[in-house]
Amino acid sequence: MSPLDEPTATAAASTKPDDLRKTVNRLKRAQGQLAAVIAAVESGADCRAVVTQLAAVSSAIDRAGFTIISTAMKECLTGTGTDSTKKPLRVEELEKLFLALS
């Protein structure tokens with residue numbers, strides 16, 4: 001890594017725990033929303049309310065997936081992967097993961 005790359009790599013490494021925390025929080029929120037959707041379906045709630053809540057769950061999960069892919073892209077671009085035993089993702093693999101969420 002050149003001295004010019006070092007600040008970028010350091011910045012990417014320092015944002016990873018923050019990205020992870022945000023992603024976990026988003027998934028926990030989606031988990032709670034999904035539990036509410038299940039309860040609403042079981043209680044026979046209005047379909048509009050159920051679909052609205054289901055859309056919120058879907059959106060939260062999609063955003064978590066995009067955050068995970070974004071973090072992987074940053075790691076690939078800056079070479080800041082935390083586990084040297086993991087094989088880096090190729091651009092084609094990142095693209096396939098990204099498209100799987102759309």
Nearest-0.5 Å distance, CD1 of residue I69 to CD of residue E95:
11.0 Å
Hydrophobic cluster membership, L97 vs I61, 4.5 Å side-chain cutoff:
no
Which residues pass the salt bridge (charged side-chain N to carboxylate O under 4.0 Å, His left out) test with E92, sequence neighbours left out?
R90
V57 reachable from V51 in the ILVMFWY side-chain graph, under 4.5 Å edges
no
Is there a path from L27 to V24 through hydrophobic residues (I, L, V, M, F, W, Y) whose side chains come within less than 4.5 Å of each other?
no
For the CD atom on E93, are there more than 12 heavy atoms of other groups (residues, nucleotides or ligands in this structure) within a distance under 6.0 Å?
yes
CD (Q53) and OG (S58) are apart, to the nearest 0.5 Å, by 12.5 Å
Point-to-point distance, once rounded to the nearest 0.5 Å, from CG of L54 to CG of L34
7.5 Å
Would you confirm whether T52, through its side chain, and R48, through its main-chain N or O, come within 3.5 Å as a donor-acceptor pair?
yes
Please name all residues satisfying side chain to side chain donor-acceptor pair (under 3.5 Å) with T67, sequence neighbours left out, ordered by chain then number.
R26
